[in-house]
Amino acid sequence: MKKITTLYMLMVSMLMVSQTEIDTTKIKQLREVTINKISTNSVGLPNQVKVITSKQLDFQNFQSTAEMLSNSGSLFVQKSQQGAGSPVIRGFEASRVLLLVDGIRMNNLIFRAGHLQNIITVDESFLDNVGILYGPTSTLFGSDALGGTVAMNTKKAKFLDQVNTKFSGNINTRYSSSNEEKSVAFNFNYATEKFASLTMASFNDFGDLKMGKKKNHNGDFFGERPFYVETINGIDQLTVNEDKYVQKNSGYQQYNILQKFAYKTNSGFEHGLNLQFSTSSDIPRYDRLTETTSTGLKHAEWYYGPQQRVLAVYSLEKKKAFFDTDFKLNVAYQNAKESRHNRRFGKYDLENREENVNMFSFSADLKKVFAKSELFYGIESYYETLKSSAFSNNINSGVIAPISTRYPNGDNNMLRNDIYVSYNEKLSEETFWNAGARFGYTALKSTIADNTLFSLPYDSISQDNITYSGTLGIKHNPSKNVSLKANVSSGFRVANIDDLSKIFESAPSKSSSEIGILVVPNKDLKPEKTITTDLGFAIQSDSKKTSFDFTYFYTRMFDAIVIDSFAYNGQSQVIFNGFLNNVKANQNKGKAYIAGFSTSFNTYLCTNLQFNANFDYTLGRVVEDGNQSPLDHISPYFGKLGLVYTKKILALEAYMLFNGKKDISDYSASGEDNLVYAPTSGMPAWETYNLKTSFTIVKGATLFVGIENILDTQYRLFASGINAPGRNIYGGLKYSF
């Protein structure tokens with residue numbers, strides 16, 4: 001960390017000295033932030049917000065939304081397989097980070113606390129912008145937004161006055177060498193004065209991922225794939241991998257479709273219909289496929305079935321609908337299907353566990369603008385159901401038999417009803433403040449229809465919770481070059497079906513390879529809550545071409561839900577699936593705290609050349625009976641340094657991504673940090689060097705070319721179960737009409 005920090009501060013110091021020579025004739029204007037319930041210039045916000053714009057998305061041209069977020073340097077992303085991506089914000093991950101698509105929650109009643117891959121169902125090429133809101137945002141968005149919110153906004157259907165032509169669109173192709181990716185995306189917009197239609201479709205074919213071949217100077221070679229399993233004539237066999245740097249059985253395919261309609265009435269109302277569909281091929285769970293035993297590999301098969309997401313949203317909105325109040329209504333339906341399929345090596349019963357989630361939602365958001373202030377308020381209601389089923393089938397004989405389900409096999413549902421209010425006011429040219437509050441009621445019910453396969457001491461679980469949160473922030477500019485900001489906010493997360501009712505067999509620990517971990521239900525869980533304080537400042541040059549931003553945060557968790565040892569029917573160990581397991585369960589384990597800071601520095605070295613840098617550091621600890629232990633999901637420090645050159649038809653970026661070391665002493669004992677998939681001393685530090693460019697060939701045609709991980713470094717991200725890509729050369733062509 002010392003080397004990276006010293007380099008970062010040295011470059012910042014040098015550039016701050018050199019900025020006086022910059023041509024000030026071209027000043028870039030700040031982009032207005034439009035993120036659901038936030039609609040204000042980002043310079044006025046007391047909380048930390050990052051926006052990835054449509055131009056940045058087009059230029060970066062990444063394989064998936066997960067890759068885009070990971071390479072932005074704005075947050076950390078964990079991966080258990082190639083078809084995955086679990087964002088981490090300020091030490092919170094998975095069910096503690098809220099994902100929004102066009103203002104609709106993706107988080108549902110089976111979002112787990114471990115690691116998720118749901119974000120890959122939102123195609124990066126469909127996005128218009130992405131907002132990353134740091135810290136608790138429960139007041140605006142409700143449960144789960146403890147670490148922050150990733151608000152993904154897809155492209156809009158545009159009317160004739162927005163595009164000046166009835167027919168417009170583009171087609172985008174891409175090839176990558178690290179996994180022989182072949183991708184194509186299509187976009188078509190039809191526009192009239194009153195009616196607009198947007199049709200989008202994409203297909204991605206990802207082959208087995210190649211890792212780096214060069215030794216990481218911070219560690220030894222790690223994660224190579226010497227052999228894999230093949231089933232030949234019904235018999236499992238270990239097969240030598242012809243290229244140990246190819247992560248065999250990691251490839252998958254992805255399919256995405258989006259259709260939007262928009263219609264304006266003469267009275268000023270705008271009706272919208274937003275239809276989205278995403279599915280995939282089977283996605284191999286690569287980390288599980290690499291688990292070893294004394295005789296070889298533990299699993300012959302372990303894969304997720306097609307990850308399917310359906311979203312249908314009807315919206316109605318109007319500016320100044322009544323009493324000069326803007327109004328927007330959303331009625332939405334979502335369906336999410338996922339399944340897990342695994343089979344032990346030499347065992348021929350394939351276990352299949354399937355989940356089918358339905359989500360029905362309604363929201364009404366209102367906004368009143370006054371001379372120097374804005375008032376947001378509204379209501380939200382979500383109702384979710386789950387059907388969990390399971391069976392095994394013998395791949396040779398075809399015999400089908402019942403097995404235990406992942407979640408209770410009866411009726412499972414969850415209801416959320418919330419109201420919220422948020423008020424922003426500009427007290428003077430120098431001072432801005434905001435305040436907000438949310439109140440809600442959540443009910444959960446889970447029943448067990450058949451308790452014979454794994455007997456529980458109860459046949460139903462039900463909970464009712466009153467929820468609340470608040471926020472208060474202020475931003476003050478003591479001079480035209482300096483701004484100070486402070487924000488206090490609370491967050492909450494109500495335990496869902498996954499927290500309360502799941503039966504889950506986890507990977508065995510390295511220290512005791514023959515004993516696994518079995519997570520069992522705990523019906524007595526309470527909501528976990530946080531209070532966070534943000535303190536920050538920003539410095540901007542007179543030319544507005546150089547800026548430095550610093551934010552410090554401190555989060556206190558109460559009734560934190562963590563996995564720990566548990567007595568199940570008085571026993572600390574049980575037999576499950578024929579193997580001995582230590583029993584654990586989700587529990588409210590007192591208190592925890594997370595502290596850290598983030599910085600960003602931007603400057604124009606000359607008219608068209610910009611330098612960007614950011615650095616993030618987080619520390620988390622569980623506090624129990626006066627003792628402290630590492631909190632899970634706390635990523636090592638990370639950041640990005642880069643130069644961006646833009647001039648008319650050309651854009652060029654050279655950048656370095658880096659991560660610090662995660663020492664073994666900083667791994668959580670819960671198992672969520674996946675030490676089993678890391679070197680014995682922890683995850684070493686790493687850095688990669690990358691170069692990419694876009695060039696307009698002729699009007700409407702843009703060529704994208706880049707090389708990532710230029711040095712072909714072999715490395716793995718913290719808590720991940722698959723090595724990162726090695727040297728990747730990609731090329732793509734986009735044609736717009």
Side-chain angles (χ1 to χ4, degrees), residues 16 19-20 24 26-51 53 131-141 148-149 151 319-320 323-327 365-378 420-438 469-491 531-554 597-604:
M16 289 183 76
Q19 63 88 25
T20 56
T24 60
K26 293 184 179 181
I27 298 174
K28 307 297 182 185
Q29 298 298 316
L30 285 168
R31 179 182 175 91
E32 181 163 294
V33 181
T34 306
I35 308 170
N36 201 24
K37 301 179 181 69
I38 295 177
S39 179
T40 183
N41 194 290
S42 60
V43 75
L45 296 173
N47 50 311
Q48 186 183 0
V49 176
K50 166 77 173 181
V51 177
T53 66
I132 304 171
L133 293 85
Y134 298 82
T137 45
S138 291
T139 299
L140 285 176
F141 304 118
T149 297
K319 300 290 186 182
K320 301 184 184 303
F323 303 111
D324 287 332
T325 299
D326 297 344
F327 168 79
D365 300 313
L366 298 100
K367 173 186 173 183
K368 172 72 173 177
V369 178
F370 302 93
K372 293 185 177 181
S373 61
E374 294 176 325
L375 176 67
F376 298 87
Y377 57 100
Y420 78 92
V421 61
S422 179
Y423 180 74
N424 308 324
E425 184 178 12
K426 186 177 181 181
L427 294 176
S428 65
E429 290 300 320
E430 295 80 25
T431 305
F432 169 94
W433 76 282
N434 74 338
R438 174 178 288 254
S469 62
T471 185
L472 178 64
I474 188 169
K475 185 167 185 177
H476 177 67
N477 303 318
S479 72
K480 67 177 183 178
N481 302 109
V482 179
S483 62
L484 307 174
K485 58 184 179 181
N487 193 71
V488 178
S489 55
S490 64
I531 296 179
T532 296
T533 299
D534 282 30
L535 299 172
F537 67 88
I539 302 173
Q540 186 174 250
S541 65
D542 289 336
S543 67
K544 297 185 179 180
K545 285 200 166 187
T546 298
S547 62
F548 178 76
D549 187 275
F550 177 90
T551 301
Y552 168 82
F553 68 90
Y554 180 85
F597 64 88
S598 63
T599 67
S600 66
F601 176 78
N602 305 279
T603 188
Y604 280 88

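Geometrically, Lys368 engages Phe370 in a cation-pi contact, judged by NZ or CZ lying under 6.0 Å from the ring centre and within 45° of the ring axis.
Between Ser483 and Pro478, the closest heavy-atom pair is CA-CD, 4.2 Å. Heavy atoms only, all atoms of each residue included: Gly378 and Leu366 are closest at CA-CD1, 4.5 Å. Among all heavy-atom pairs drawn from Pro46 and Lys485, the shortest one is O-CD, 3.5 Å.
Ring geometry for Phe550 versus Phe537: interplanar angle under 30°, hence parallel rather than tilted (30 to 60°).
With rounding to the nearest 0.5 angstrom, the CZ atom of Phe553 is 11.5 Å from the OG1 atom of Thr533. A distance of 11.5 Å separates CD in Glu374 from NZ in Lys426, rounded to the nearest 0.5 Å. Rounding to the nearest 0.5 angstrom, the gap separating the NZ atom in Lys475 from the CG atom in Asn424 is 13.0 Å. Rounding to the nearest 0.5 Å gives a distance of 8.0 Å between CG of Leu375 and OG1 of Thr325. For the atom pair Phe548 CZ and Ser541 OG, the distance stands at 14.0 Å (nearest 0.5 Å). For the atom pair Thr137 OG1 and Ile132 CD1, the distance stands at 12.0 Å (nearest 0.5 Å).
Between Asp549 and Lys50, none of the side-chain N atoms (NZ, or NE/NH1/NH2) sits under 4.0 Å from a carboxylate O, so this pair counts as no salt bridge.
Using a 4.5 Å heavy-atom threshold, the side chains of Tyr420 and Phe376 count as touching. In this structure the side chain of Asn487 reaches within 4.5 angstrom of the side chain of Asn434, judged on heavy atoms. Side-chain contact between Trp433 and Leu472 is present, with heavy atoms from C-beta onward closer than 4.5 Å.
Asn481 meets the side-chain hydrogen bond (donor to acceptor under 3.5 Å, both in side chains) test with Asp542; sequence neighbours excluded. For the side-chain contact (heavy atoms from CB on, under 4.5 Å) test, residues two or more places apart in sequence or in another chain that qualify with Ser469 are Ser138, Thr139, Arg438, Ser490, Phe492.
Each of Leu484, Asn477, Ile474 was checked for a side chain to side chain contact (heavy atoms under 4.5 Å, CB included) with Thr431, and the lone residue meeting it is Ile474.
Judged purely by atom type and a 3.5 angstrom limit, Ser479 uses its side chain to pair as donor or acceptor with the backbone of Val482. In this structure, Thr149 contributes its side chain and Ala151 its backbone to no donor-acceptor pair below 3.5 Å.
A donor-acceptor pair shorter than 3.5 Å can be found between the side chains of Thr603 and Thr546.
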Thr551 and Asn47: side-chain contact (heavy atoms from CB on, under 4.5 Å), yes or no, with the steps? CA-CA 9 Å; Thr551 301; Asn47 50 311; over 6 Å; no

